[in-house]
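A short write-up of the structure that comes next.
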Amino acid sequence: MIRSFGTGYVCAHLLSQGSKSAACRAAHHSGSFDVAVIGGGIVGLASARELILRHPNLTFTLLEKEKELALHQTGHNSGVIHSGIYYTPGSLKAQLCVRGATLTYQYCQKKGVPYKRCGKLIVAVEREEIPRLKALYERGQKNNVRELRLIDAKAIREKEPYCRGIMALDSPYTGIVDWRLVALTYGEDFQEAGGTVITEFEASDITVATESPAGSAEGLKYPIIIKSSQGKEVRCRFVLACGGLYSDRLSEMSGCSSEPRIVPFRGDYLVLKPEKNYLVRGNIYPVPNPRFPFLGVHFTPRMDGSVWLGPNAVLAFKREGYKLYDFDTQDFFNALSYRGLQRLVMKNIVYGMGEMYRGVFTSAQVKILQRFIPELSPSDILRGPSGVRAQALDAEGNLVDDFVFDGGKGELGSRVLHVRNAPSPAASSSLAIAEMIADELEKRFQL
């Protein structure tokens, strides 16, 4: 439900599938805040929550272009709570995922958000995959991932009776949750602490004020103006931009670098027919192939009892294009004209063609899945939902694999912090990412 207020702003009354809803706060009548957070996805919401809990005497607003929060990447992911196995030991990504998983379980327990610690098997089906599997185990050990162990074919069958493999990495600490529900709960915390959520506010310009608002006695206390595409504006002292699929465009809007560039990749899922859900108990993943840029298709149980299979990874023709034929001219030509994407395509052209083929012909996708569950047949599956991943690319065609912050020069740049890249598993790491972002904001802006 959305409630409107006389200021022209709206404040989202957060509904969360049976959980308590926070009382919707009236918009800050002056339209001025100490900090404005742009982006109502899970990273923006977690960061806004962390900041207001640390600084209850400051005023905060969160600006979201949609009518509801967490509709895009947050609302279109697999729902897995990752434990931190895959990432380079000592990297920020590894540290944040491991800490983030622990914080997520603690938070869900405290808030009564349903989750399941159903575990994950990374399954080797060919002997040539075993060295890579053992290397993953060692990496997970160095990352301090909990309860990891290597298991043989018999133990695989005990955990997943219909799965076939010769060895697997067992991660009992991996789980599942409804990440949109988690994000909405972050939003409830933010509002309960006094934060203002303004929806239907699509940031179209960020500038420095040259004069104080008419009738204001505060002068230029709030020197940054954020204008919306609908002609509304918010003033603030500092800006935190967590734009996800639009993070590069928000950055350019405030005079920062155009790179890394966001290129949208759509992932299409298949869904098991309900009568076949017995085939899968927990998450079943392949051993990653280092020659390819993504993890590969996997089996993922959902909180609603369904089982998703996939996803593939193909270029999306629209940044928020969840359907095969969704198309946006600007998004399409921006992506194709970017040298980084051209180089990525040339390095992975065979892989990319295979992904597109499997996206059209589901039987080809099922054939890969049958390597793990031979009993699966094309008649057991239906086409499912899709998600779009904000993949940051550099000009050389490399996937930007870690977090990127960006500010700028001059008065505007010194008051804006852009989260340019919050790569998967950003949802699993969200509470830890929020701590890091709050630390960075405090250091840059001396809050």
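Donor-acceptor pairing under 3.5 Å is recorded for the side chains of Asp380 and Ser377. Judged by distance alone, the side chains of Ser83 and Ser171 do bring a donor and an acceptor atom under 3.5 Å apart. Side-chain atoms of Ser254 and His418 include a donor-acceptor pair closer than 3.5 Å. Side-chain N/O atoms of Ser386 and Asp268 include a donor and acceptor closer than 3.5 Å. Tyr107 and Asp189 form a side-chain donor-acceptor contact under 3.5 Å, judged by distance and modelled atom types alone. A donor atom on one side chain and an acceptor atom on the other are not found under 3.5 Å apart for Tyr186 and Glu50. In this model, a donor atom of one side chain and an acceptor atom of the other lie less than 3.5 Å apart for Ser228 and Gln230.
Minimum interatomic distance between Cys118 and Ile176 (heavy atoms only, all atoms of both residues): SG-CG2, 3.9 Å. The two residues Asp406 and Cys256 make their nearest non-hydrogen contact at OD2-CB, 3.3 Å. Scanning all heavy atoms of the two residues, the minimum distance from Leu245 to Glu320 falls at CD1-CG, 4.0 Å. The two residues Leu148 and Gly140 come nearest to each other via the heavy atoms CD1-CA, 3.6 Å. Counting all heavy atoms, side chain and backbone alike, Cys97 lies closest to Ser429 at CA-OG, 3.2 Å. For the residue pair Cys108 and Val177, the shortest heavy atom distance occurs at SG-CG2, 4.1 Å.
Arg132 is not listed as a side-chain neighbour of Leu136, based on a closest heavy-atom distance of 4.5 Å or more. Ile226 places a side-chain heavy atom less than 4.5 Å from the side chain of Cys236. No side-chain heavy atom of Arg127 sits less than 4.5 Å from a side-chain heavy atom of Met167. Using a 4.5 Å cut-off on side-chain heavy atoms (C-beta onward), Leu336 and Phe332 make contact. Using a 4.5 Å heavy-atom cutoff, the side chains of Leu92 and Met436 are in contact. You'll find the side chain of Ile284 reaches within 4.5 Å of the side chain of Glu160, heavy atoms only. Using a 4.5 Å cut-off on side-chain heavy atoms (C-beta onward), Gln365 and Leu270 make contact. You'll find the side chain of Lys65 reaches within 4.5 Å of the side chain of His72, heavy atoms only.
The aromatic rings of His82 and Tyr86 sit perpendicular to each other, their planes meeting at more than 60°, with 30° as the lower class boundary.
With salt bridges taken as basic N to acidic carboxylate O contacts below 4.0 Å, one links Arg319 and Asp248.
Here Leu376 contributes atom CG and Ile368 contributes atom CD1; the two are 12.0 Å apart, rounded to the nearest 0.5 Å. Rounded to the nearest 0.5 Å, atoms CD (Glu355) and CZ (Phe265) are 10.0 Å apart. The line from CG of Asp401 to CD of Gln391 is 8.0 Å long, rounded to the nearest 0.5 Å. The distance from the NZ atom of Lys93 to the CG atom of Asn421 is 8.0 Å, given to the nearest 0.5 Å. Atoms CG and CD1, from Leu169 and Ile85 in turn, are 5.0 Å apart once rounded to the nearest 0.5 Å. For the atom pair CD1 of Ile38 and CZ of Phe201, the computed distance is 8.0 Å after rounding to the nearest 0.5 Å.
Exactly one of Thr61, Leu62, Val234 qualifies for a side-chain contact (heavy atoms from CB on, under 4.5 Å) with Thr196. That residue is Thr61.
Looking only at distances, a side-chain donor or acceptor of Tyr338 sits under 3.5 Å from a matching main-chain atom of Leu393. Between the side chain of Arg249 and the backbone N or O of Gly243 there is no donor-acceptor pair closer than 3.5 Å. When atom types are taken as modelled, the side chain of Gln73 and the backbone of Gly244 share no donor-acceptor pair closer than 3.5 angstrom. For the pair Asn77 (side chain) and Thr74 (backbone), a donor-acceptor distance under 3.5 Å is present. One N or O on the side chain of Arg54 and one on the backbone of Glu435 form a donor-acceptor pair closer than 3.5 Å. Judged purely by atom type and a 3.5 angstrom limit, Glu129 uses its side chain to pair as donor or acceptor with the backbone of Glu126. A donor-acceptor pair is defined here as one N or O able to donate and one able to accept, closer than 3.5 Å; no such pair exists between the side chain of Arg149 and the backbone of Pro172. A donor-acceptor contact shorter than 3.5 Å is absent between the side chain of Asn143 and the backbone of Val145. Looking only at distances, a side-chain donor or acceptor of Ser430 sits under 3.5 Å from a matching main-chain atom of Ala427. Checking side-chain atoms of Ser204 against main-chain N and O of Lys227 turns up a donor-acceptor pair under 3.5 Å.
For the pair Arg266 and Tyr322, the NZ or CZ position fails the cation-pi test of under 6.0 Å to the six-membered ring centre and within 45 degrees of the ring normal. Geometrically, Arg49 does not engage Phe190 in a cation-pi contact, judged by NZ or CZ lying under 6.0 Å from the ring centre and within 45° of the ring axis.
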Original post:
Between Lys134 and Glu138, is a salt bridge (Lys or Arg N to Asp or Glu O under 4.0 Å) present by the stated rule, with each step listed?
Top reply: CA-CA 6 Å; Lys134 290 181 176 178; Glu138 292 172 4; over 6 Å; no
Original post:
Does the pair Glu188 and Lys111 meet the rule for a salt bridge (Lys or Arg N to Asp or Glu O under 4.0 Å), with working shown?
Top reply: CA-CA 11 Å; Glu188 290 181 348; Lys111 291 288 183 175; over 6 Å; no
Subject >> Derivation and outcome, side-chain contact (heavy atoms from CB on, under 4.5 Å), residues Phe299 and Leu369 >> reply: CA-CA 8 Å; Phe299 300 78; Leu369 294 164; 3.6 Å; yes
**OP:** Tell me, with the steps shown, if Thr104 and Trp179 meet side-chain contact (heavy atoms from CB on, under 4.5 Å).
**Re:** CA-CA 10 Å; Thr104 295; Trp179 281 117; 3.6 Å; yes
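Ring to ring, Tyr173 and Tyr105 are close: their centroids are under 6.0 angstrom apart. For Phe372 and Tyr162, the ring centers sit 6.0 Å or farther from each other.
The number of heavy atoms from other shown groups lying within 6.0 Å of NZ (Lys273) is above 12. Counted within 6.0 Å of NZ on Lys347, heavy atoms from surrounding residues, nucleotides or ligands total more than 12; the atom is thus considered enclosed. A 6.0 Å sphere centred on CD of Gln109 holds no more than 12 heavy atoms belonging to other residues, nucleotides or ligands.
For Tyr285, the ring-ring contact (aromatic ring centres under 6.0 Å, His included) partners at least two apart in sequence or on another chain are His298. Here Glu158 pairs with nothing under the salt bridge (charged side-chain N to carboxylate O under 4.0 Å, His left out) rule; sequence neighbours left out.
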